[in-house]
Structures are given as structure tokens and as C-alpha cells.
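Naming convention: chains lettered A, B, ... in sequence-line order (proteins, then strands); numbering from 1 in each chain.
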Number of protein chains: 2
Amino acid sequence: MRTSSVEQLILDLFAGQPVETAHFTAQEIYLQLKPQLPAVNPSTIYRALERMTRSGKISISDMGKGAAVFEIVGKERHHHLVCETCHQVITLSDDTIRPLFDELSRQFGFEMTTNHLVLFGHCPACRRKK
Amino acid sequence: MRTSSVEQLILDLFAGQPVETAHFTAQEIYLQLKPQLPAVNPSTIYRALERMTRSGKISISDMGKGAAVFEIVGKERHHHLVCETCHQVITLSDDTIRPLFDELSRQFGFEMTTNHLVLFGHCPACRRKK
DNA sequence: TGACATAATGCAAATCTTTGCGTCTGCAAT
DNA sequence: ATTGCAGACGCAAAGATTTGCATTATGTCA
């Protein structure tokens with residue numbers, strides 16, 4: 001067994017990356033951890049990711065990559081706009097979304113936990129091309 | 001092969017259901033189609049769903065069921081609020097979201113294609129219980 | 001420290017989903 | 001009607017993810 005849990009290694013993996021653009025699939029995480037943990041079992045990674053998502057350390061979302069991607073949850077929430085044609089990703093400050101979430105809280109009494117919204121569309125450049 | 005394509009059968013499957021609450025996983029769709037198409041191959045279903053999503057006939061989203069769910073795209077867009085504790089689902093009229101999408105279009109020149117937002121949180125009842 | 005309870009892990013099997021490739025079907029142009 | 005093409009499909013294999021169960025760590029309380 002390892003002295004440190006897989007969770008810490010996953011966090012380390014994100015640590016070297018800019019928060020807003022580091023999006024990894026479960027598989028990518030598994031492969032990146034392999035060199036350090038040659039004997040680690042895929043299910044351990046999947047379970048760690050599930051735990052970390054549930055506890056709010058990371059978030060899971062569909063960025064149109066075909067597989068879910070995980071992202072570290074930082075101090076400041078942010079969101080993404082993804083172009084379905086060229087796959088360009090734009091980062092949105094939480095200021096854009098917060099009013100909506102506040103309104104939903106007010107209206108339905110919900111405490112919002114979604115902390116990473118991914119919205120799809122077509123960017124200006126791709127719209128012009130058509 | 002079949003005279004009618006699998007796509008039509010999938011649409012039929014949604015047809016009998018209230019638009020806003022009929023959410024099926026790929027697997028559920030596969031199983032529901034089996035009686036009518038005993039010989040159908042799973043990959044055919046998966047490919048049909050992928051095509052239909054791409055062409056905008058259905059939408060795919062994560063409703064916290066562990067697997068992606070598909071939903072028919074109706075005339076009126078709507079969205080959902082899901083309680084992470086009791087899994088209650090609340091339907092949101094598009095009026096709640098449209099201003100945000102309009103603002104994003106204005107600000108980034110994006111033509112939004114996301115037509116079904118799923119937001120997670122804790123509902124009032126579950127919040128009280130804690 | 002020692003024993004226990006809880007959580008994390010490994011392993012193997014089951015499931016689910018995707019992919020490559022060859023075949024078949026339906027539509028369109030001739 | 002015949003030909004040609006593109007899209008849809010089947011099949012089998014590969015790949016990805018989940019699950020049940022046994023085992024191993026870790027933290028804590030006496």
C-alpha cells in the first residue's frame with residue numbers, strides 16, 4: 001500500500017496547472033498516475049475521483065470531449081463557454097453566473113452546489129464561416 | 001434490416017411521455033427498444049443517440065443518475081434543479097435562464113446551443129434536516 | 001499500546017460504451 | 001429499372017467504468 005492516499009496524488013497532479021484550464025478525464029488521470037503508482041488499480045482512481053467530487057474537492061463536467069472531465073475546485077468559481085465547432089474554450093468569471101444562482105436560491109430556497117457550468121454554443125468566428 | 005430506422009423508434013419512446021420529465025439513459029432506451037427490435041445491436045442505439053444529439057433532436061445531460069440521460073428537445077426549452085440529497089427534480093421555465101443566455105450572446109457573440117441546463121443543489125427540506 | 005471500526009485498496013468479474021470494418025438499405029441521378 | 005453513394009447497421013473486439021467481496025491501512029478510544 002501507499003503511505004499517501006491516491007487523493008493527494010490527484011491533487012498534486014492539478015497543483016502544477018492553471019486552475020481554469022486543467023481538465024482531465026478519469027483515464028488521463030489514471031495514466032498520469034501510473035508512473036508514480038505502477039500497481040494502482042483503475043477502480044481505486046475511479047473511486048477516489050467519485051469521493052473527491054462528492055466532497056467538493058474537484059468538480060466533474062462534460063466539456064464535449066466525449067468523456068467527463070474533472071477539475072480542481074479553486075477559491076474562485078468559474079465557468080466555461082465551449083464552441084461546438086472549433087472547441088475553443090472561453091472562461092467565464094463567476095460574476096456572470098452568480099446573479100442567476102442567487103435568484104434561484106431566493107426563488108426556490110435551493111442552496112446551489114453546482115460550481116462549474118459548461119455552456120455550449122458557436123463562437124463568432126465559426127458562425128461567420130457558415 | 002428494419003424498414004423504419006431506430007431513430008423513429010426512439011422518438012416514439014419519448015412521444016408517450018411528458019416532455020419535461022422523460023429522462024432515459026442509453027441503457028434504458030436500449031432495453032425498452034429490445035421487445036420491438038430483438039436483434040438490434042447496442043452500438044446501433046448508441047450511434048443513433050449520438051446522431052440525434054448532434055442534430056438537436058434530443059439533448060444529453062447528467063442528472064446525477066450516474067449515467068447520462070437523454071431527453072427529447074421540445075418546442076419550449078426548460079431546465080432542471082436537482083436536489084443532491086433527495087434527488088427531487090424541479091423544472092425551471094426557460095424564462096429563468098434566457099436572460100443569462102442572451103447576455104452571453106451579446107457579450108461574447110456566442111450563439112448558445114445548450115438547451116437543457118441541469119443545476120445541482122440542496123432543496124429547502126433537505127437543508128433544514130441538517 | 002492494543003483492539004476495533006471505518007475507510008481505502010486490490011482484484012476479478014460484470015457492465016457499459018466505443019470503434020473498426022465489412023455489409024446492407026434507401027435515395028438520387030441517370 | 002440500374003447504378004452508385006452515403007448513411008445506417010451488425011458483429012466482434014477493444015476500451016472504459018462500475019461493482020462485490022476480501023484484504024489492508026488508518027485513526028481513535030480505552
### Task
State whether the distance check finds a donor on one side and an acceptor on the other, under 3.5 Å, for side chain B:Arg47 versus base D:dG7.
no
### Message
I'd like to know if B:Ser43 reaches the base of D:dC11 with its side chain, counting only an N/O donor and acceptor under 3.5 Å.
### Response
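Yes, a donor-acceptor pair under 3.5 Å.
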Compare the minimum distances between each of [options] and the side chain of [X], then state the nucleotide with the smallest one.
X       : options               : value
B:Tyr46 : C:dT18, C:dG10, C:dA8 : C:dT18
B:Asn41 : D:dG10, C:dC11, D:dA8 : D:dG10
B:Ser5  : C:dT17, D:dC9, C:dG10 : D:dC9

### Query
Hey, what's the ring geometry for A:His80 with A:His116, parallel, tilted or perpendicular (30° and 60° as the breaks)?
perpendicular
Whole angstroms only, please: what is the [atom1]-[atom2] distance between [X] and [N]?
X       : N      : atom1 : atom2 : value
A:Ile45 : D:dA16 : CD1   : C1'   : 14 Å
B:Ile29 : C:dC16 : CD1   : C1'   : 14 Å
B:Lys57 : D:dA8  : NZ    : C1'   : 12 Å
A:Tyr30 : C:dG10 : OH    : C1'   : 12 Å
B:Leu49 : C:dT18 : CG    : P     : 9 Å
B:Glu28 : C:dC16 : CD    : P     : 11 Å
B:Met52 : D:dG7  : CE    : C1'   : 15 Å
B:Lys65 : D:dT18 : NZ    : C1'   : 17 Å

Quick check on [N]: is either OP1 or OP2 less than 4.0 Å from any side-chain nitrogen or oxygen of [X]?
X       : N      : value
B:Thr44 : D:dG10 : yes
A:Arg51 : C:dA7  : no
B:Gln27 : C:dT15 : no

### Message
Using only atom types and a distance under 3.5 Å, with no angle test, would you say the side chain of A:Thr25 pairs donor to acceptor with the backbone of A:Ala68?
### Response
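Answer holds: no.
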### Query
Does any N or O in the side chain of B:Gln32 come within less than 3.5 Å of the main-chain N or O of B:Ile29, such that one atom is a donor and the other an acceptor?
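Answer holds: no.
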### Task
Taking only Lys NZ, Arg NE, NH1 and NH2, and the carboxylate oxygens of Asp or Glu, determine whether A:Glu7 and A:Lys57 approach each other closer than 4.0 Å.
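Salt bridge between A:Glu7 and A:Lys57, a charged N being under 4.0 Å from a carboxylate O: yes.
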### Task
Please tell me if the side chains of B:Phe14 and B:Phe70 come closer than 4.5 Å, counting only heavy atoms from C-beta onward.
yes
